[in-house]
Amino acid sequence: MVEAVTSAARTAPGPDHARAVRPAAVTRRVTAALRRHRADLLVGVAFVALAAWLTHGLWPAPGTRVLALNPADQTLYEWFLALDARALRGELSLVTGRLNSPDGVNLMANTSVVALGVLLGPVTLAFGAPVTFALLVAANMAGTALAWYLLFTRVLRARRLAAGLGSALCGFGPGMVSQSNGHLHMTAQWLVPVLVWLVVRLLRAADPAGRPDGPDGPDRRRTASSAVGLAGVVTVQVFVGEEVLFLAALTLAVTAVAYGLADRDLLRRAGSGFARGLLAAAGLALPVLAYPLWVQFAGPRGVADGMFPPAYFSADLIAWTRLSALSVFGSPEAVRLTTGPAEFTTFLGWPLLLVAVGCAVWLGRRAPVVALVAAALATAALALGPEVVAGGERTGIPGPYALLAGLPVVDGALPTRFALAVLPLAGSVLTLAVHRALGESGRARRVVPFAVGAALLSVFPAPLPTMDRPPLPEFVTGGHWRQCVHPGGVLVPVPTATPQDPWPMRWATATGVAFAMPEGFFIGPYGPDGSATMGTWQRPTSALLADVARRGVAPAVGDRQRRQAARDVEFWHASCVAVTDDTPHAEMLRRTLEQLYGRPGVRLADAWTWQF
């Protein structure tokens with residue numbers, strides 16, 4: 001008996017055996033999941049590879065490269081990312097004094113991408129803001145495409161090929177690629193498909209006929225969870241990019257109304273429950289967002305209106321038929337039809353327009369298609385601005401945007417960016433068309449996917465243009481600035497940063513925004529009656545020094561200029577004024593500063609400094 005028990009004990013699996021089995025079981029489950037989702041993984045890898053190719057000019061050393069078409073905005077976003085990362089050190093505020101000293105900057109009134117900066121704070125602290133910026137440029141395109149792909153395959157139940165083609169347009173369409181030239185808040189759209197999914201889930205929960213267990217009334221549990229999720233996503237998106245949230249909300253509103261009018265039965269069954277769910281989501285989000293929104297519109301340095309004239313930032317009607325200059329087959333001449341390299345939002349070209357219209361007609365008057373087409377037409381029309389422009393000429397014909405002009409919040413969105421909503425709407429139509437064609441046995445099975453693929457190839461993007469980044473002075477990179485300004489103090493670069501030339505802000509970015517700076521590149525309330533402006537007015541001393549840096553001509557410096565220089569140093573709360581050797585006309589600036597402050601500067605590495 002004893003021998004039998006002993007033998008059984010020897011052969012029974014012990015703790016070591018169980019520990020050995022667990023990793024094997026986990027490995028089998030992971031392998032099975034990879035096989036099951038192999039196609040989805042390949043699509044994700046393809047999107048990441050395309051995004052990496054489009055942004056390869058920023059690598060392998062983002063700190064030495066910069067976007068050639070919009071380096072100023074890149075400088076601003078890198079400063080924001082460096083500031084946002086300080087939240088990981090317990091420094092999180094919606095108004096910062098690290099720029100525009102002593103007034104500060106309202107982060108909610110600026111596109112400060114707080115959520116992105118905090119999320120990738122560890123990357124910024126470890127590798128620097130330029131690396132984080134480069135990662136986000138690529139990740140926003142790939143992530144947006146992948147999110148739409150998952151929505152199409154999981155919610156629309158579309159075939160993978162159909163979903164892949166449609167989502168590629170959503171993430172890599174002309175507008176997304178052009179906005180990637182420095183506008184992180186516009187390309188971070190990967191939460192929009194989640195928003196759409198939650199709205200669809202809310203609608204299905206409110207529809208008794210749509211419940212799998214029979215029409216026993218609305219699914220209150222699903223309604224509640226969808227409302228909570230919707231409130232959470234809306235809250236996060238506010239701190240990613242409010243303009244994208246506004247465009248998504250407007251587009252969803254038009255889509256919902258058009259869907260309800262096309263399917264009256266659904267409207268009667270689910271309309272009231274759906275509306276209650278949306279109100280519940282708003283009720284959950286508003287208490288959380290009340291303070292940040294107050295800060296944005298009524299808080300310190302807040303602005304209550306937009307600063308960009310809608311008449312100028314309007315889409316050209318002809319631009320819809322042209323190909324973006326940032327696409328492989330585009331022409332540089334297309335630049336004359338847009339307001340800047342980041343605003344090729346409407347350049348879909350004839351091939352894609354015709355194929356999209358053909359797919360919509362072929363799909364017929366089904367409610368989802370009607371809703372998508374209605375929303376696309378509405379947002380495309382709004383993109384034309386308050387007055388229709390064709391071929392660069394104003395036609396005198398008022399655009400639909402004129403009905404919205406002057407409304408609160410609306411003026412904060414540039415008209416041309418309404419066209420960004422057309423990409424996912426057109427991508428959805430293409431997805432539905434290819435999905436239907438692949439389920440048929442006739443000619444459509446071959447013709448429709450081929451036509452959609454060819455149309456998408458016509459707008460295939462080219463890599464983002466980049467150039468070498470001017471090196472930072474050793475005064476900054478070597479930490480010599482610490483000898484004349486303590487962390488958190490105010491360092492005045494000569495000349496000061498401006499919206500036209502924000503390069504000195506890179507000094508602070510490189511140090512993790514360890515010191516503050518006067519003036520700079522930001523949105524603030526420095527126009528008439530507190531209206532929004534880009535930057536602030538220059539102090540007399542900074543204006544004088546900027547003129548010397550621009551023209552290289554010695555200014556007249558007398559007692560009045562010296563007294564003003566002292567007042568400006570006191571106003572800025574400056575600890576140190578510095579001019580580096582790589583500044584234009586650096587020697588003339590040094591002599592001017594010596595006259596203004598009545599003493600020679602102190603040499604620190606490659607900079608002359610005056611400490612106060």
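If you read the sequence from its start, that first residue is 1, and numbering goes on from there. In what follows, every heavy atom counts, from backbone to side chain, and hydrogens, waters and symmetry copies are set aside.
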Can you measure from [atom1] ([X]) to [atom2] ([Y]) and round to the nearest 0.5 angstrom?
X	Y	atom1	atom2	answer
Leu136	Leu120	CG	CG	5.0 Å
Tyr312	Thr416	OH	OG1	11.0 Å
Leu286	Leu293	CG	CG	8.0 Å
Cys170	Leu425	SG	CG	8.5 Å
Leu81	Leu119	CG	CG	11.0 Å
Met176	Gln189	CE	CD	4.5 Å

Output, in order, the C-alpha distance, side-chain angles, deciding distance and verdict of side-chain hydrogen bond (donor to acceptor under 3.5 Å, both in side chains) for Thr132 and Thr124.
CA-CA 6 Å; Thr132 304; Thr124 304; 2.7 Å; yes

Do you see a donor-acceptor pair shorter than 3.5 Å between the side chains of [X] and [Y]?
X	Y	answer
Asn70	Gln74	no
Gln179	Glu343	yes
Ser180	Thr187	no
Ser93	Thr96	no

Looking at residues at least two apart in the chain, or sitting in another chain, which of them share a salt bridge (Lys or Arg N to Asp or Glu O under 4.0 Å) with Arg563?
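Salt bridge (Lys or Arg N to Asp or Glu O under 4.0 Å) check on Arg563 returns nothing, list empty.
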
Who pairs with Arg336 by salt bridge (Lys or Arg N to Asp or Glu O under 4.0 Å), at least two apart in sequence or on another chain?
none

Should the pair Arg394-Asp316 be classified as a salt bridge under the 4.0 Å nitrogen-to-oxygen rule?
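No, this pair does not count.
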
Hey, are the side chains of [X] and [Y] touching, using non-hydrogen atoms and a 4.5 Å cut-off?
X	Y	value
Phe475	Val579	no
Val553	Met588	no
Leu88	Leu125	yes

Return all side-chain donor-acceptor pairs below 3.5 angstrom for residues 513-535, not counting sequence neighbours, or 'none' if the list is empty.
residue	atom	partner	partner atom	Å
Glu519	OE1	Thr496	OG1	2.7
Glu519	OE1	Ser542	OG	3.4
Glu519	OE2	Arg539	N	3.1
Glu519	OE2	Ser542	OG	2.8
Tyr526	OH	Asn100	ND2	2.8
Tyr526	OH	Asp103	OD2	2.9
Ser531	OG	Pro528	O	3.1
Thr533	OG1	Gly524	O	3.1
Thr533	OG1	Tyr526	N	3.4
Thr533	OG1	Gly535	O	2.9

Taking all non-hydrogen atoms of both residues, which atom of [X] and which atom of [Y] are closest, and how far apart?
X	Y	result
Leu284	Pro287	O-CD, 3.5 Å
Val303	Ala109	CG2-CB, 3.7 Å
Ala421	Thr379	CB-CG2, 3.9 Å
Thr509	Ala129	CG2-CB, 3.7 Å
Ala315	Leu384	O-CD2, 3.6 Å
Leu94	Val295	CB-CG1, 4.0 Å

For residues 490-509, which residue pairs pass the salt bridge (charged side-chain N to carboxylate O under 4.0 Å, His left out) check, not counting sequence neighbours?
none

Salt bridge (charged side-chain N to carboxylate O under 4.0 Å, His left out) contacts touching residues 61-84 (sequence neighbours left out):
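Only Arg65-Asp468, Glu78-Arg469 qualify under salt bridge (charged side-chain N to carboxylate O under 4.0 Å, His left out).
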
Carefully, step by step, assess Glu587 and Arg590 under the rule salt bridge (charged side-chain N to carboxylate O under 4.0 Å, His left out).
CA-CA 5 Å; Glu587 181 58 25; Arg590 182 184 68 81; 2.4 Å; yes

My understanding is that only residues two or more places apart in sequence, or in another chain, count here; which of them pass side chain to side chain contact (heavy atoms under 4.5 Å, CB included) with [X]?
X	value
Pro463	Trp53, His56
Leu247	Met186, Arg417, Phe418
Ala248	Val192, Leu195

Considering residues at least two apart in sequence or located in another chain, which fulfil the disulfide (SG to SG under 2.5 Å) criterion with Cys576?
Cys484

Can you tell me if CZ on Phe571 sees more than 12 non-hydrogen neighbours from other groups inside 6.0 Å?
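Yes, CZ of Phe571 has more than 12 neighbouring heavy atoms, counting only those of other groups under 6.0 Å.
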
Could you check whether atom CZ of Arg599 has more than 12 heavy atoms from other residues, nucleotides or ligands sitting under 6.0 Å from it?
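Correct, the count exceeds 12.
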
Expected output: side-chain Asn181 to main-chain Ser178 donor-acceptor under 3.5 Å:
yes

With sequence neighbours left out, write down each residue that passes ring pair (Phe, Tyr, Trp, His ring centres under 6.0 Å) with Phe612, or none if nothing qualifies.
Tyr597

With sequence neighbours left out, what residues match Phe347 under ring pair (Phe, Tyr, Trp, His ring centres under 6.0 Å)?
Phe344

With side chain to side chain contact (heavy atoms under 4.5 Å, CB included) as the test, would you mind laying out the steps for Glu387 and Ser314 before giving the verdict?
CA-CA 8 Å; Glu387 181 184 354; Ser314 299; over 6 Å; no

Pair listing, side chain to side chain donor-acceptor pair (under 3.5 Å) test, anchored in residues 107-118, at least two apart:
Tyr77-Thr111

